[in-house]
Amino acid sequence: MRRAFAVLGLGTAMFIGAASMTLLPNGTQASSTEATFLVPAADGYGVAECLISNQACGQVVADTWCEAQGYTRATSFRQVEAEETTGSIRKVSVTVPEHRPISITCSN
């Protein structure tokens with residue numbers, strides 16, 4: 001009789017554990033409603049060409065970047081000034097203006 005209760009208790013515990021895992025958030029959505037990302041201008045994908053040249057493709061590229069990060073849309077994007085960029089060890093020196101990173105602000 002004890003064995004039946006133990007098996008029933010173990011089965012119930014496993015069922016509750018499995019059910020609770022399905023109720024947890026899946027992690028694909030960003031937790032905050034807004035975030036700002038710094039994208040390297042020389043990333044090899046050509047993202048900066050649309051974002052800093054005031055072309056119509058800029059908003060599309062920024063929106064796509066935000067969607068890839070789990071956000072709904074881009075609220076703003078711009079090229080970051082050299083004074084706004086810092087390094088973790090030494091001061092970052094960006095001499096070529098086209099190589100400055102791009103700031104993309106995303107929101108849900």
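Since the structure is predicted, the reported quantities are computational estimates derived from the model, not experimental observations.
By the side-chain hydrogen bond (donor to acceptor under 3.5 Å, both in side chains) test, Glu34 pairs with no residue at all, sequence neighbours left out. With sequence neighbours excluded, no residue satisfies salt bridge (Lys or Arg N to Asp or Glu O under 4.0 Å) with Arg73. Remark: Thr36 engages Ser103, Thr105 in a side chain to side chain contact (heavy atoms under 4.5 Å, CB included) (not counting sequence neighbours).
The two residues Ala41 and Arg100 come nearest to each other via the heavy atoms CB-O, 3.1 Å. Minimum interatomic distance between Val61 and Cys50 (heavy atoms only, all atoms of both residues): CG2-CB, 3.9 Å. Contact between Ala74 and Asp63 at its shortest, heavy atoms only, is N-OD1, 2.8 Å. In plain terms, the two heavy atoms of Val80 and Ile102 that are nearest each other are CG2-C, 4.2 Å. Nearest heavy-atom pair across Asn108 and Gly70 is OD1-O, 3.7 Å. The two residues Ala62 and Phe77 come nearest to each other via the heavy atoms CB-CD2, 3.6 Å.
Proximity of Leu51 to Ile104: side-chain heavy atoms (C-beta onward) are separated by under 4.5 Å at one or more points.
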